Amino acid sequence: MTTAHDGNDNCASAAGTTTTIPPAAPIRTSTSASTRAKIAGGPTPEVPYPIKMNGTVIKGFGRGSKDLGIPTANLPEEAIAAQEDKMVTGIYYGWAQVVVRTTPESRFLSSTSTTQDTLAPSSTSTLPGSTNTNVARSASSSSSSLATSCPATVYPMVMSLGWNPFYKNEKKSAEVHIMHNFHRDFYGDDLRVVVLGYIRPELDYTTLEALIEDINIDIEVAHRSLERPDYAAFKEDPLFLQL
Ligand code: ADP
Ligand code: RBF
Ligand code: MG
């Protein structure tokens, strides 16, 4: 298996439970805009990528929006555990999709659906980096299903996997910032992610502003990296076509 290792991941205790030992992160003492690479990874995603993750969006500490102005949709522990052997902590990029699930009844109740942001009306298909694949489906199928008849829009994303050393978290989290303005929360919805590359390790910072600056550079790096044809192709990954 191809996986880099930072040597600080989880340790199994004698009782068989998993305890987390947050690693000491390198400290970024000054902003790094001028020294950062503009693109991450080679021209084609290589093993272990693509790494696919999915799960229900859960609550975190609420800091992403409030402190940083950069909301991050947090994946549940099981989603992290499923891919942990392939992934070191750090900042990743790839594609993401939010799937609003609804019961058959509620599909016919409201004409003011809250799904308009995640679905793909033609007006959003021109947004940079977003895509829509209109696949018709029968209205009668499973009891939990997509709120409409086509797969939701796929957007570029950056993901932080680790302990957020700036905040000294004691639990590992996987948090996905999707580069799209949703105008609303989507806690409880399904988040699907195809991870295609690694940008950098997690760092500690002396100021909040330096952390925000680095995240914004991560976003630029992700956009540039995903423009390459072999990365763009994963917008149509089968994971995103499932209804
Ligand atoms: P929490 O700590 O609960 O994760 P955040 O402040 O990080 O709170 O906000 C994350 C929530 O914001 C997500 O769970 C999602 O419901 C919502 N959200 C809205 N827009 C986005 C976006 N572009 N990317 C990620 N999450 C978003
Ligand atoms: N937290 C850190 O402590 N160090 C980091 O280097 C770091 N990099 C991040 C990069 C990206 C692209 C994102 C989305 C988040 C990053 N975070 C980092 C996590 C950030 O602290 C977290 O999203 C907020 O605390 C909200 O949970
Ligand atoms: Mg969050």
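Note that ligands are numbered from 1 as they come in the structure, with each ligand's atoms numbered from 1 the same way. In this text, all values refer to a predicted model and were calculated from it rather than measured experimentally.
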> Does Phe234 belong to the same Ile/Leu/Val/Met/Phe/Trp/Tyr cluster as Ile219, with side-chain heavy atoms less than 4.5 Å apart forming each link?
Replying inline: yes

>> Under 4.0 Å from a heavy atom of Gly64: which atoms of ligand 2 are those, numbered in the order shown and with their elements?
In response: 26 (C)

> Is the shortest distance from a heavy atom of Trp163 to ligand 2 less than 4.0 Å?
Replying inline: no

>> I need the minimum non-hydrogen distance between Met157 and Val176, along with the two atoms involved.
In response: CB-CG1, 3.7 Å

>> Hydrophobic clusters here meaning ILVMFWY residues chained together by side-chain heavy-atom distances under 4.5 Å, can you tell me if Val158 and Ile217 are in one?
In response: yes

> Around the Mg ion (ligand 3), how many protein N, O or S atoms are there at under 2.8 Å?
Replying inline: 3

>> Which residue and atom name correspond to the protein heavy atom nearest atom 21 (C) of ligand 1, and how close is it?
In response: Pro71 CG, 3.6 Å

>> Can you name the atoms of ligand 2, numbered from 1 with element, that are less than 4.0 Å from a heavy atom of Glu175?
In response: 22 (C), 23 (O), 24 (C), 26 (C), 27 (O)

Residues 63-82 side chain polar contacts: donor-acceptor under 3.5 Å, at least two apart:
{"residue": "Arg63", "atom": "NH1", "partner": "Asn169", "partner atom": "OD1", "Å": "3.0"}
{"residue": "Asp67", "atom": "OD2", "partner": "Tyr167", "partner atom": "OH", "Å": "2.9"}
{"residue": "Thr72", "atom": "OG1", "partner": "Glu175", "partner atom": "OE1", "Å": "2.6"}
{"residue": "Glu77", "atom": "OE2", "partner": "Lys171", "partner atom": "NZ", "Å": "2.8"}

> Looking at side-chain heavy atoms only, is the closest gap between Tyr93 and Val221 below 4.5 Å?
Replying inline: no

>> Among all protein heavy atoms in this structure, tell me which lies nearest to atom 19 (C) of ligand 2, with the distance rounded to 0.1 Å.
In response: Asn164 OD1, 3.6 Å

> For atom 9 (O) of ligand 1, what is the nearest protein heavy atom, given as residue, atom name and distance?
Replying inline: Ser65 OG, 3.2 Å

> Among Tyr93, Tyr92, Tyr167, which one has a heavy atom closest to atom 25 (O) of ligand 2?
Replying inline: Tyr167

> What protein heavy atom sits nearest atom 24 (N) of ligand 1, and how far off is it?
Replying inline: Ile178 N, 3.1 Å

>> Looking at ligand 2, would Met159 count as a contact under a 4.0 Å heavy-atom criterion?
In response: no

> What do you reckon, does Ile58 have a nitrogen or oxygen under 3.5 Å from a nitrogen or oxygen of ligand 1?
Replying inline: no

> In a check of side-chain hydrogen bond (donor to acceptor under 3.5 Å, both in side chains) between Gln97 and each of Lys235, Gln242, Arg192, which one passes?
Replying inline: Arg192

>> Test of understanding: given a 4.0 Å heavy-atom threshold, classify the contact between Phe61 and ligand 1 as side chain, backbone, both, or neither.
In response: backbone

> Quick one: nearest non-hydrogen protein atom to atom 2 (C) of ligand 2, plus distance?
Replying inline: Leu203 O, 3.6 Å

> Taking all atoms of both residues into account, what is the closest heavy-atom pair of Phe166 and Leu211, and its distance?
Replying inline: CD2-CD2, 3.9 Å

> Backbone N or O of Asp214 within a donor-acceptor pair of the Arg36 side chain at under 3.5 Å?
Replying inline: yes

> Ile70: heavy atom below 4.0 Å from ligand 2, yes or no?
Replying inline: no

> Against heavy atoms of Val158, which atoms of ligand 2 measure under 4.0 Å?
Replying inline: 12 (C)

> Does the side chain of Leu243 reach to within under 4.5 Å of the side chain of Pro151, using non-hydrogen atoms?
Replying inline: yes

> Among the heavy atoms of Leu68, does any lie under 4.0 Å from an atom of ligand 1?
Replying inline: no

> Can you tell which part of Val176 has a heavy atom less than 4.0 Å from ligand 1: side chain, backbone, both or neither?
Replying inline: backbone

> At a non-hydrogen distance cut-off of under 4.0 Å, which region of Glu175 contacts ligand 1 (side chain, backbone, both, or neither)?
Replying inline: neither

> Quick one: which ligand 1 atoms are inside 4.0 Å of a heavy atom on Lys59?
Replying inline: 3 (O)

>> Just to confirm my output: which protein heavy-atom neighbour is closest to atom 3 (O) of ligand 2, and how far is it?
In response: Phe166 N, 2.8 Å

> When you measure from atom 8 (O) of ligand 1 to every protein heavy atom, which one gives the shortest distance, and what is it?
Replying inline: Tyr187 OH, 3.1 Å

> Among protein heavy atoms, which sits nearest to atom 10 (C) of ligand 1, and what does the distance come to when rounded to 0.1 Å?
Replying inline: Thr72 O, 3.1 Å

> In terms of atom number and element, which parts of ligand 1 are under 4.0 angstrom from non-hydrogen atoms of Arg184?
Replying inline: 19 (C)

> Can you list the residues that meet the ring-ring contact (aromatic ring centres under 6.0 Å, His included) rule with Tyr198, with sequence neighbours excluded?
Replying inline: Tyr92

>> Checking the side chain of Glu202 only, and the main-chain atoms of Thr89 only, is there a donor and an acceptor separated by less than 3.5 Å?
In response: no

> Which is it for Val176 and ligand 2 at heavy atoms under 4.0 Å: side chain, backbone, both or neither?
Replying inline: neither

> Are Asp190 and Thr56 side-chain neighbours, meaning at least one heavy-atom pair lies under 4.5 Å?
Replying inline: yes

> Nearest protein heavy atom to atom 14 (C) of ligand 2, by residue and atom, and its distance?
Replying inline: Thr72 CG2, 3.7 Å

> Which atoms from ligand 2 have a heavy atom of Glu202 less than 4.0 Å away?
Replying inline: 6 (O)

> For Tyr187, does its backbone N or O pair with a side-chain atom of Asp185 as donor and acceptor, under 3.5 Å?
Replying inline: no

>> With a 4.0 Å cut-off on heavy atoms, is Gly60 in contact with ligand 2?
In response: no

> Within less than 4.0 angstrom of ligand 1, does His183 place any heavy atom?
Replying inline: no

Using atom types as modelled, flag every donor-acceptor pair under 3.5 Å from a side chain in residues 40-49 to any protein atom, sequence neighbours excluded.
{"residue": "Thr44", "atom": "OG1", "partner": "Asp230", "partner atom": "OD2", "Å": "2.7"}

> Between CZ of Arg228 and CG of Leu196, what distance do you get to the nearest 0.5 Å?
Replying inline: 9.5 Å

> Nearest to atom 2 (O) of ligand 1, what protein heavy atom do you find, and at what distance?
Replying inline: Gly62 N, 2.6 Å

> Just one of Lys86, Met53, Gln83 clears the side-chain contact (heavy atoms from CB on, under 4.5 Å) bar with Val195, so which one?
Replying inline: Met53

> Step by step, would you call His177 with Ile215 a side-chain contact (heavy atoms from CB on, under 4.5 Å)?
Replying inline: CA-CA 10 Å; His177 173 69; Ile215 294 177; 6.0 Å; no

> Do Val57 and Val98 come within less than 4.5 Å of each other through their side chains, counting heavy atoms only?
Replying inline: no

>> I'd like to check which ligand 1 atoms, numbered from 1 as shown, lie under 4.0 Å from a non-hydrogen atom of His180.
In response: 23 (N)

> What protein heavy atom is closest to atom 8 (N) of ligand 2, reported as residue, atom name and distance in Å?
Replying inline: Arg200 NH2, 2.9 Å

> Are the side chain of Trp95 and the backbone of Ala233 linked by a donor-acceptor contact shorter than 3.5 Å?
Replying inline: no

> So which protein heavy atom does atom 18 (C) of ligand 2 come closest to, and at what separation?
Replying inline: Leu211 CD1, 3.7 Å

> Below 4.0 Å from any atom of ligand 2, is there a heavy atom belonging to Phe61?
Replying inline: no

>> At less than 4.0 angstrom from any non-hydrogen atom of Val57, what atoms of ligand 1 do you find?
In response: 14 (O)

> Closest non-hydrogen protein atom to atom 18 (N) of ligand 1, residue and atom name please, with distance?
Replying inline: Phe186 CE2, 3.6 Å

> At what distance is the nearest protein heavy atom to atom 20 (C) of ligand 2, and which residue and atom is it?
Replying inline: Leu68 CD1, 3.8 Å

> In the protein, what heavy atom is nearest to atom 12 (O) of ligand 1, and what distance, to one decimal place, separates them?
Replying inline: Asp185 OD1, 3.5 Å

> Which of these, Gly60, Ala73, Ala96, has its nearest heavy atom closest to atom 13 (C) of ligand 1?
Replying inline: Ala73

> Nearest protein heavy atom to atom 15 (C) of ligand 2, by residue and atom, and its distance?
Replying inline: Ser160 CB, 3.4 Å

